[in-house]
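The chain is numbered in sequence order, starting from 1.
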Amino acid sequence: MSGLQETFDGRVEFIVLDIDDSGADGTRSQLGITAQAQYLLVDSAGQIVRRWFGVINEGQIASEIEGLLQS
């Protein structure tokens, strides 16, 4: 994930929610995150564009981000 953060630095905000941090319960609930290893792509209006589970392919996510940035 750090590679994506470097690639999109200044253009995309990355937020990491710790599943063990009860202070993030409200945000996790709002986004429908119920387990570890979930990744969301959220647009500027707060709408979930895409959701991934488990091991991620950073190339695929980078492509999705680029598409969203261009729209």
Side-chain angles (χ1 to χ4, degrees):
M1 188 63 72
S2 63
L4 289 172
Q5 290 174 314
E6 287 179 23
T7 300
F8 295 102
D9 186 40
R11 299 187 294 157
V12 174
E13 179 181 6
F14 286 82
I15 300 171
V16 178
L17 299 173
D18 182 346
I19 196 80
D20 296 320
D21 178 5
S22 62
D25 286 350
T27 303
R28 283 196 317 273
S29 177
Q30 178 183 0
L31 295 171
I33 297 173
T34 58
Q36 291 179 330
Q38 288 188 43
Y39 305 88
L40 306 176
L41 179 58
V42 180
D43 67 15
S44 60
Q47 300 299 311
I48 297 172
V49 175
R50 185 79 192 263
R51 184 183 303 260
W52 293 270
F53 298 91
V55 177
I56 60 169
N57 177 314
E58 287 193 10
Q60 179 187 13
I61 293 176
S63 177
E64 295 274 348
I65 293 171
E66 285 291 352
L68 184 60
L69 290 172
Q70 292 175 8
S71 63

Visitor: Please list, chain by chain and in numerical order, all residues satisfying side chain to side chain contact (heavy atoms under 4.5 Å, CB included) with Asn57, sequence neighbours excluded.
Guide: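 Gln60.
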
Visitor: Phe14: which residues meet the side chain to side chain contact (heavy atoms under 4.5 Å, CB included) condition with it, sequence neighbours left out?
Guide: Met1, Leu4, Gln5, Phe8, Val12, Ile65

Visitor: Mind checking who shares a hydrophobic cluster with Val55, ILVMFWY linked at side-chain heavy-atom distances under 4.5 Å?
Guide: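 Listed partners: none, Val55 stands alone.
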
Visitor: Donor-acceptor check, side chain of Ser63 to backbone of Gly59, threshold 3.5 angstrom: yes or no?
Guide: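 Flag not set: sc Ser63 to bb Gly59 has no pair under 3.5 Å.
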
Visitor: How long is the gap from CD on Gln38 to OG1 on Thr34, to the nearest 0.5 Å?
Guide: 5.0 Å

Visitor: Nearest 0.5 Å, what's the CD1-CD distance between Ile61 and Glu66?
Guide: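 Ile61 CD1 to Glu66 CD: 13.0 Å, rounded to 0.5 Å.
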
Visitor: Which residues pass the salt bridge (charged side-chain N to carboxylate O under 4.0 Å, His left out) test with Glu58, not counting sequence neighbours?
Guide: none

Visitor: Test of understanding: with side chain to side chain donor-acceptor pair (under 3.5 Å), list the residues that count as partners of Asp25, not counting sequence neighbours.
Guide: Arg28

Visitor: Hydrophobic side-chain clustering at under 4.5 Å (ILVMFWY, transitive links): who's grouped with Leu31? Put none if nobody.
Guide: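 Members other than Leu31 - counting any ILVMFWY side chain reachable under 4.5 Å - are Ile15, Leu17, Ile33, Leu40, Val42, Ile48.
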
Visitor: Rounded at 0.5 Å granularity, tell me how far CD in Glu64 sits from OH in Tyr39.
Guide: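 Spacing of CD (Glu64) from OH (Tyr39) equals 15.5 Å.
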
